Amino acid sequence: MVRNPLSKSGNKYLRKFRKWPHSPYKTSWHHTFGEQQAMQILKKATLEVASSDQSQTQNLRYPFLLSTLLDSFKAFSTAPTPKAYYFLIKTLTSTSRLQDIAPVLDHVEQSEKFETPEFIFVHLIRFYGLADKVQDALDLFFRIPRFRCTPTVCSLNLVLSLLCRKRECLKMVPQVLLKSQHMNIRVEGSTFRVLIKALCRIKRVDYAIKIMSCMVEDGYGLDDKICSLIISSLCEQRDLTSIEALVLWRDMRKLGFCPGVMDYTNMIRFLVKEGRGMAALGIMNQQKEDGFKPDVVCYTMVLSGIVAEGEYGKLEELFDEMLVLGLIPDVYTYNVYVNGLCKQNNVNEALKIVASMEELGCKPNVVTYNTLLGALCVAGELGKARGIMKEMGLKGVGFNLHTYRIMIDGLVGKGEIGGACLLLEEMLEKCLFPRTSTFDNIVFQMCQKGLTDEAMELTQKIVAKSFVPGARAWEALLLNSLSRAEYSETTFSGLLDTN
DNA sequence: ATAGGGTTAG
């Protein structure tokens, strides 16, 4: 086959194939020379301005640098080039001389004839955005055609991302999109991405999804990145329910979305957070069908969701499955499992698991012990609970706020007010404060047992530490002192009657 | 290679 010398693979510099005609400035050498000379003068002037007092160099009619630009090009009989203006504007923005930008723009708009390149506006709009001048950015965007420039999706995307960054500007987005159509800007997939990204960032996932549907309806392909972005924003939003999220997930998959490991994880986390453990299990099963092996964290999340939903049958099954897959449970996983056993009132099995996790080199932590303590208190086995506390001390696992609350509530529940008070003292020494209901219960029970003075003393002590007892505590104290007063009053009136 | 995940509430 003979190669056609004039084919597309031929010399692209031949006039016939040249995409753009040569700039008139570049066709004659003296213009090029003039431009270079003028630019040098401009750059020199810029440096001088930078090192001098700005107010001294202000010209009345034009900002100093603009008149320098005009004068120097005039001196070389050359028309100022877009490049020169770009340089000028970059200088003004980098030195934050905002007040000088407007006259330059006015001049380019009214006195120059060239087609202003879009990147000048892109630069300025970005600058306005960084300077938090969204309105200026927007005004300039709409003004672009007056500079003999046809704006493209570049400027549009930029303006949109600025608008999406602020909640109060969001409402302008539809208007801008509409106007951009009149400006003959062709919206692209990138525009949708900009909008969706910005909406996810400000946690308006509902809007992001609406945009995504528009995108699909308009025939743009759905890309995995957008899906991932939306899925990863599910946890931090409140607009979408778990049911809606599941529908979304199904629809995305129908449209060809191929989830990555992080997508399954994010979806599972959201569902578990919403109390949908079985639905989370469904997603993890999809993950396995899709050929990804879920890791320990995924299993732990699903296990905790299943426990929260009370699906204990699945708990055993899933824990075993995890072991079969060769995953090593860590302390988080064991804590979920132990909690599941405790929820089933199977404390003995829970204790066995804790013993075996130690044998396997996985040290129980304060969460593990708190779980056991809670279960033992519920079962009324305070003695065993005390044993666990002792064990914690021996193992060097410190008590935290939960530990005290669980134990104090447990002791109060059993009427062991003395022990509860000792623990309360201990936590106050560590600057830990009980929750109101715990404290109120202690006071209430002390009053019931006739320990009114002690209850009063305890209340005074904790109030001195800026703790505010609840209504129940005040009521108990008040009723006690009232009944005393009543007693003395009846005695008194009885005395009066006899008189 | 890393993070992520776990207690409780009448």
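Every value quoted in this text rests on a predicted model; they were computed, and no experiment measured them. Just so we're on the same page: letters track the sequence lines, and every chain starts at 1. Hydrogens, waters and symmetry mates play no part in the numbers below; they use all other heavy atoms, side chains included.
Here B:dA3 is the nucleotide among B:dG5, B:dA3, B:dA9 with the atom lying nearest to any side-chain atom of A:M262. For A:T333, taking side-chain heavy atoms from C-beta onward, the closest of the listed nucleotides B:dG5, B:dT8, B:dT7 is B:dG5. Nearest nucleotide to the A:R405 side chain, out of B:dG6, B:dG5, B:dT8: B:dT8.
A ring-centre distance under 6.0 Å is not found for A:F121 and A:F141.
Per the geometry, CE belonging to A:M267 stands 21 Å off P belonging to B:dG4, to the nearest Å. The separation between A:I408 atom CD1 and B:dA9 atom P is 14 Å, rounded to whole Å. The nearest whole Å value for the distance from the CZ atom in A:R269 to the P atom in B:dG5 is 5 Å.
Looking only at atom types and distance, the side chain of A:T191 has a donor-acceptor partner in the side chain of A:N157 under 3.5 Å away. Counted by atom type alone, A:Y299 and A:E321 present one or more donor-acceptor pairs between their side chains at under 3.5 Å. Side-chain N/O atoms of A:E244 and A:T241 include a donor and acceptor closer than 3.5 Å.
Using a 4.0 Å heavy-atom cutoff across all strands shown, A:N370 reaches at least one base atom of the nucleic acid. Contact annotation for A:K343: backbone-only contact, meaning every heavy-atom pair under 4.0 Å involves sugar-phosphate atoms and none involves a base. A:V336 comes within 4.0 angstrom of the backbone, heavy atoms only, and of no base.
On a pure distance criterion of 3.5 Å, a polar donor-acceptor pair joins the side chain of A:D330 and the base of B:dG5. Judged by distance alone, with hydrogens and angles left aside, A:N365 brings a side-chain donor or acceptor within reach of the base of B:dG6, the pair sitting under 3.5 Å.
For the segment residues 288-297 of chain A, residues with any heavy atom less than 4.0 angstrom from an atom of DNA chain B are, sorted by number, A:D295, A:V296, A:V297.
With salt bridges taken as basic N to acidic carboxylate O contacts below 4.0 Å, one links A:E381 and A:K384.
For the pair A:N339 and B:dT7, the criterion of a side-chain N or O lying under 4.0 Å from OP1 or OP2 is met.
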